[in-house]
Amino acid sequence: MLIDTHCHLYKEYFDNLQEIINISKNKIVLYFINNGCDNKSNVEVLETTTKYKNVYGALGLHPEMVENYTLSDIKFIENNISNDKIVAIGEIGLDYHYTKDNKEKQKNLFEMQLKLAEKYNVPVIVHSRDATEDTINILKKYNVKGIIHSFSGSEETAKQYIKMGFLLGINGVVTFKNCNLKEVLKNVSIENIVLETDSPYLSPEPFRGKQNNPSNVYFVAKFLSLIYNISLIEVANITTKNALNMFKKIIY
Ligand SMILES: [Zn+2]
């Protein structure tokens, strides 16, 4: 059994979610964590967790929303964080890729949500792009753990996150030809890894460029079985165990 710990199963991308769930079953992908990124998607995430047994949710405000959120959007997260099927606060973090001009605002939004995670003792799902140093320094201020989503950093960065109690979320990026991540992972134990797709983005090879869906987590698992030279079943067992240890609300 495989778990897609990071996807965006919104209506605008997937108009028939039941079909996607059925396709995923054929590839032994049985559980999904639908990640919100703004208030609209957080509302949808909550709806999908009510409607579909195998869909769990994370509620969060993405750094790209830094100019557009209100305090009531934060309140919505807090009001629903104790829901049985909301397993984390995410997708939250820092993204300096397009602009560094709003760094302080981004940090503030990130920290407001980390405070909630600490207060309610729930894991976080962290987006960090071109912002490793600030991400690490901020996470160190809080008593939180969780997933570094779409990890693609250096071995040194990987080890720092692991030491802080975080797992690395690995997706289709690892299958890309010019990606150094495979070399990094050879020196990182699979005990620190969970699988994800980031659907509808980041399709793995051989589907790169097409719309991604959670069933493709199977191809990420297959690729890891080659990197670690273990069977697909072992990859499934270990990464699923890692995810279940982190997200205690998932009923297996
Ligand atoms: Zn995402």
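When a ligand or atom number is given, it counts from 1 through the structure's own listing order.
- Using a cutoff of 4.0 Å between basic side-chain nitrogens and carboxylate oxygens, E47 and K11 are scored as salt-bridged.
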Donor-acceptor contacts under 3.5 Å from residues 167-179 side chains, at least two apart:
unit_1, atom_1, unit_2, atom_2, d
N171, OD1, V173, N, 3.0
N171, ND2, S150, OG, 3.1
N171, ND2, E196, OE2, 2.7
T175, OG1, G172, O, 2.7
T175, OG1, E205, N, 2.8

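- Looking at residues two or more places apart in sequence or on another chain, you find a side chain to side chain contact (heavy atoms under 4.5 Å, CB included) between K119 and E78.
- Within the sub-2.8 Å shell of the Zn ion (ligand 1), the protein contributes these N/O/S atoms: H6 NE2, H8 NE2, E91 OE1, D198 OD1.
- When the options I230, N229, L224 are evaluated for a side-chain contact (heavy atoms from CB on, under 4.5 Å) with I227, the one that passes is L224.
- Among K107, R129, K140, K141, the one residue that satisfies the salt bridge (Lys or Arg N to Asp or Glu O under 4.0 Å) test with D134 is K107.
- For the side chain to side chain contact (heavy atoms under 4.5 Å, CB included) test, residues two or more places apart in sequence or in another chain that qualify with N245 are K241, K248.
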